[in-house]
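The next block holds one structure in the form of structure tokens; read it before the comments.
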Amino acid sequence: MLNAVFSGEFMPVFSPELASEYESVLLGRAAKFHQMSEATVLDALADIVSLGETSSPPRAPTSAPDADDQHVWDLLHAVPDAVLVTGDKLLRSNPPTGREVLSPREFVERYLASAT
């Protein structure tokens, strides 16, 4: 997925809250998996965010299944062709009407499988 972003095939969409959440996860519980320094994580995240669109969307007309994820729901509603890629089963099982919420595997199979 990151290769597709870096090649320009897909453009990520962020809100300030989502970028902050990524930073928190990458510097917190995910740090033991990627084993990168804090500076490397922050540089990589800044590069990824710079390739995308950043928006502070208005409140979505529907509530997220988990109130802590409302910022993601707002962003998904604000960008009509956005696809939410998440491991969160609650979000995937309750997508907003007319929006795609996919697991990373589903996204790769649907959008990237033909590219490999």
Side-chain angles (χ1 to χ4, degrees):
M1 288 175 48
L2 285 176
N3 288 340
V5 169
F6 285 118
S7 72
E9 188 174 352
F10 290 96
M11 182 179 68
V13 180
F14 297 94
S15 64
E17 295 86 359
L18 184 57
S20 178
E21 183 176 327
Y22 278 12
E23 181 179 317
S24 176
V25 169
L26 289 170
L27 294 176
R29 66 180 183 254
K32 65 182 175 185
F33 297 108
H34 60 66
Q35 299 180 345
M36 294 186 291
S37 70
E38 181 176 333
T40 300
V41 167
L42 294 175
D43 287 345
L45 185 56
D47 287 345
I48 294 166
V49 170
S50 74
L51 293 171
E53 176 184 323
T54 300
S55 171
S56 293
R59 173 80 183 199
T62 60
S63 295
D66 178 345
D68 289 340
D69 292 319
Q70 188 61 45
H71 67 282
V72 177
W73 235 231
D74 298 342
L75 192 57
L76 187 58
H77 275 279
V79 182
D81 58 346
V83 175
L84 175 59
V85 180
T86 181
D88 189 316
K89 292 177 184 178
L90 182 60
L91 295 180
R92 288 196 326 263
S93 64
N94 297 285
T97 302
R99 300 294 197 255
E100 283 190 285
V101 181
L102 304 174
S103 70
R105 180 180 302 278
E106 290 168 329
F107 180 83
V108 168
E109 289 172 354
R110 184 167 302 163
Y111 292 103
L112 301 178
S114 62
T116 57

Run the side-chain contact (heavy atoms from CB on, under 4.5 Å) test against Leu51 and tell me which residues pass, sequence neighbours left out. Val5, Phe6
Single-linkage hydrophobic cluster Leu76~Tyr111, side-chain heavy atoms < 4.5 angstrom: no
Hydrophobic clusters here meaning ILVMFWY residues chained together by side-chain heavy-atom distances under 4.5 Å, can you tell me if Leu102 and Val108 are in one? yes
Distance check, rounded to the nearest 0.5 Å: Trp73 atom CH2 versus Leu91 atom CG? 5.0 Å
Quick note, side-chain hydrogen bond (donor to acceptor under 3.5 Å, both in side chains) partners involving residues 12-24, not counting sequence neighbours, are Ser15-Glu17, Glu21-His71
Nearest 0.5 Å, what's the OG1-CZ distance between Thr86 and Phe107? 13.0 Å
For Pro95, check side-chain contact (heavy atoms from CB on, under 4.5 Å) against everything at least two apart and list the hits. Val101
Say whether Val72 and Val49 are linked into one hydrophobic cluster, either directly or through other cluster members, by side-chain heavy-atom distances under 4.5 angstrom. yes
Excluding Leu42, membership of its hydrophobic cluster (Ile, Leu, Val, Met, Phe, Trp, Tyr; side-chain heavy atoms within less than 4.5 Å) reads Leu26, Leu27, Met36, Val41
Ser56: side-chain contact (heavy atoms from CB on, under 4.5 Å) partners, not counting sequence neighbours: Pro16
With sequence neighbours excluded, tell me which residues meet side-chain contact (heavy atoms from CB on, under 4.5 Å) with Ala4. Glu9, Phe10, Leu112
Transitive ILVMFWY cluster of Met11, excluding itself - 4.5 Å side-chain cut-off: none
With salt bridge (Lys or Arg N to Asp or Glu O under 4.0 Å) as the rule and sequence neighbours excluded, what pairs involving residues 81-101 come up? Glu100-Arg110
Are the side chain of Glu53 and the backbone N or O of Val13 linked by a donor-acceptor pair below 3.5 Å? no
Ala60 to His77 - nearest heavy-atom pair and separation: CB-CD2, 3.2 Å
Just grab all the salt bridge (Lys or Arg N to Asp or Glu O under 4.0 Å) pairs involving residues 58-80, residues at least two apart or on different chains. none
Please report the closest heavy-atom contact between Met1 and Val85, naming both atoms and the distance. CE-CG1, 3.5 Å
Which residue pairs satisfy the side-chain hydrogen bond (donor to acceptor under 3.5 Å, both in side chains) criterion with at least one member in residues 33-48, sequence neighbours excluded? Ser37-Thr40
What pairs with Glu106 under side-chain hydrogen bond (donor to acceptor under 3.5 Å, both in side chains), at least two apart in sequence or on another chain? Ser103
